[in-house]
Protein chains: 2
Amino acid sequence: MNNGRFAISLHILVLLDKAKGELLSSDYMAGSININPVLVRKELINLRDQGFVVSKEGKNGGATLAKSADKITLGALYESVKSAHLLGSHKNDPNPLCEIGRDINKHLNALYDDTERKLISQLNQQTLADFSARFSN
Amino acid sequence: MNNGRFAISLHILVLLDKAKGELLSSDYMAGSININPVLVRKELINLRDQGFVVSKEGKNGGATLAKSADKITLGALYESVKSAHLLGSHKNDPNPLCEIGRDINKHLNALYDDTERKLISQLNQQTLADFSARFSN
DNA sequence: TCATTCTGTAATTTTATTTATTACAGTACA
DNA sequence: TGTACTGTAATAAATAAAATTACAGAATGA
């Protein structure tokens with residue numbers, strides 16, 4: 001996971017948790033995160049696909065949590081936004097004529113998968129409720 | 001860690017381990033990794049600064065491991081190449097007028113630091129020797 | 001000694017990725 | 001039926017990563 005999507009999604013979820021069921025608009029949330037509202041809407045679609053939030057179209061629409069904050073683990077959130085490999089490079093196209101180059105991707109992927117699995121189980125020990133509780137208000 | 005530096009550095013180290021003390025040139029290693037030799041040389045400088053390799057200038061020069069492969073942990077390698085935060089975004093400049101935005105970086109950083117610490121201790125359980133041994137030759 | 005083969009390093013260009021912007025259709029409300 | 005939203009596509013701008021070019025300096029050995 002190489003981009004700001006984890007931070008954006010977590011920020012969204014904290015805002016929704018603090019809103020206690022009140023619908024928040026993407027424009028409002030974009031103002032808090034200080035990013036473009038379209039990015040918020042895209043993340044909301046992903047969060048909705050994962051079952052974390054529900055959203056309502058039309059006037060007075062917006063988003064709210066779809067489940068209790070203690071049912072959303074940070075590991076699940078991580079998995080929902082990860083795109084590239086944890087440690088992975090963009091391009092990795094080693095020389096197949098070299099004995100090391102030929103096999104390294106297989107071994108790197110095994111290492112990455114193993115490491116990522118442990119990272120996720122680590123993150124799964126914390127929920128959105130835990131994280132949200134760190135905010136004083 | 002968001003780029004291919006971990007993969008590149010590990011590839012270099014495996015090549016050097018398999019070379020058993022014979023000096024390898026950056027051009028040769030770049031050919032195996034299939035990247036530009038200048039990138040290899042830059043990584044070698046970092047690896048040398050970390051005490052993992054030694055390099056020799058001039059004709060018949062090149063690089064070799066500075067210490068035994070079982071003394072180089074993958075956690076130390078990870079630390080040597082990490083630049084950005086593990087889960088961190090490029091830009092993260094939330095609105096300080098929002099109570100959540102005002103505090104979120106503090107809490108995100110605590111989460112990132114904690115998670116990264118555990119990732120590194122996980123990676124520290126594996127050495128270059130372990131990884132290199134996965135290659136059949 | 002001097003051509004050769006390396007490393008070290010800076011500067012620049014190219015490519016890839018991420019983020020922002022613009023635009024607009026569709027939905028729901030009041 | 002205007003207004004305030006979401007959903008979504010297309011494009012542009014900004015940023016980051018990688019490649020390229022260039023060359024100085026070091027060590028070798030013919």
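Quick caveat: nothing in here was measured; it's all calculated off a predicted structure. Lettering of chains follows the sequences in order, A, B, ..., and the numbering in each one begins at 1.
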- Message: From the set D/dA19, D/dT20, C/dT21, return the single nucleotide nearest to any side-chain atom of B/V38.
- Response: D/dT20

- Item | Nearest-Å distance for atom pair CZ/P, residues A/R5 and C/dT17 | 15 Å

- Message: Could you tell me how far apart B/L23 (CG) and D/dA26 (C1') are, to the nearest whole angstrom?
- Response: 14 Å

- Please say which of B/L24, B/D27, B/I35, B/L15 ends up in a side chain to side chain contact (heavy atoms under 4.5 Å, CB included) with B/V40. B/I35

- Give the rounded distance in Å between these two atoms: CG of B/N60 and C1' of C/dT4. 10 Å

- Item | Residue-phosphate contact under 4.0 Å: A/S55 side-chain N/O, D/dG7 OP1/OP2 | yes

- Query: Does a donor on one side chain sit under 3.5 Å from an acceptor on the other, for A/S132 and A/D17?
  - Reply: yes

- Task: Send over the distance from A/D93 CG to C/dT15 C1', rounded to a whole Å.
- Result: 15 Å

- Query: In terms of the nearest nucleotide of DNA chain D, which residue is placed more toward the 5' end: B/K56 or A/L24?
  - Reply: A/L24

- Note on the structure: Separation of D/dT6 atom C1' from A/D27 atom CG, nearest Å, is 10 Å

- Task: Would you please confirm or rule out a distance under 4.0 Å between OP1 or OP2 of D/dG7 and any side-chain N or O of A/R48?
- Result: yes

- Reckon A/S25 has a side-chain N or O less than 4.0 Å from the OP1 or OP2 of D/dA4? no

- Task: Scan B/I45 against the nucleic acid and name what it touches under 4.0 Å (heavy atoms): base, sugar-phosphate only, or nothing.
- Result: sugar-phosphate

- Given DNA chain D, 5'-ward residue of the pair A/K59 and B/L39, judged by closest heavy atom: A/K59

- Measure from CD1 on B/I35 to P on D/dT20 and round the result to the nearest Å. 11 Å

- Item | Ionic contact status for A/R117 with A/D113, cut-off 4.0 Å | no

- Message: Pick the closest DNA chain C nucleotide for A/I8 and for A/E57 by heavy atoms, then say which residue is nearer the 5' end.
- Response: A/I8

- Query: Do A/T127 and A/D130 have a side chain donor and acceptor closer than 3.5 Å?
  - Reply: yes

- Query: Taking only side-chain nitrogens and oxygens of A/N36, does any of them come within less than 4.0 Å of OP1 or OP2 of C/dT21?
  - Reply: yes

- Can you check the B/M29 CE to C/dT7 C1' distance for me, whole Å? 11 Å

- Message: Could you tell me how far apart B/R41 (CZ) and C/dA10 (P) are, to the nearest whole angstrom?
- Response: 13 Å

- Taking all non-hydrogen atoms of both residues, which atom of A/D93 and which atom of B/N34 are closest, and how far apart? O-ND2, 2.9 Å

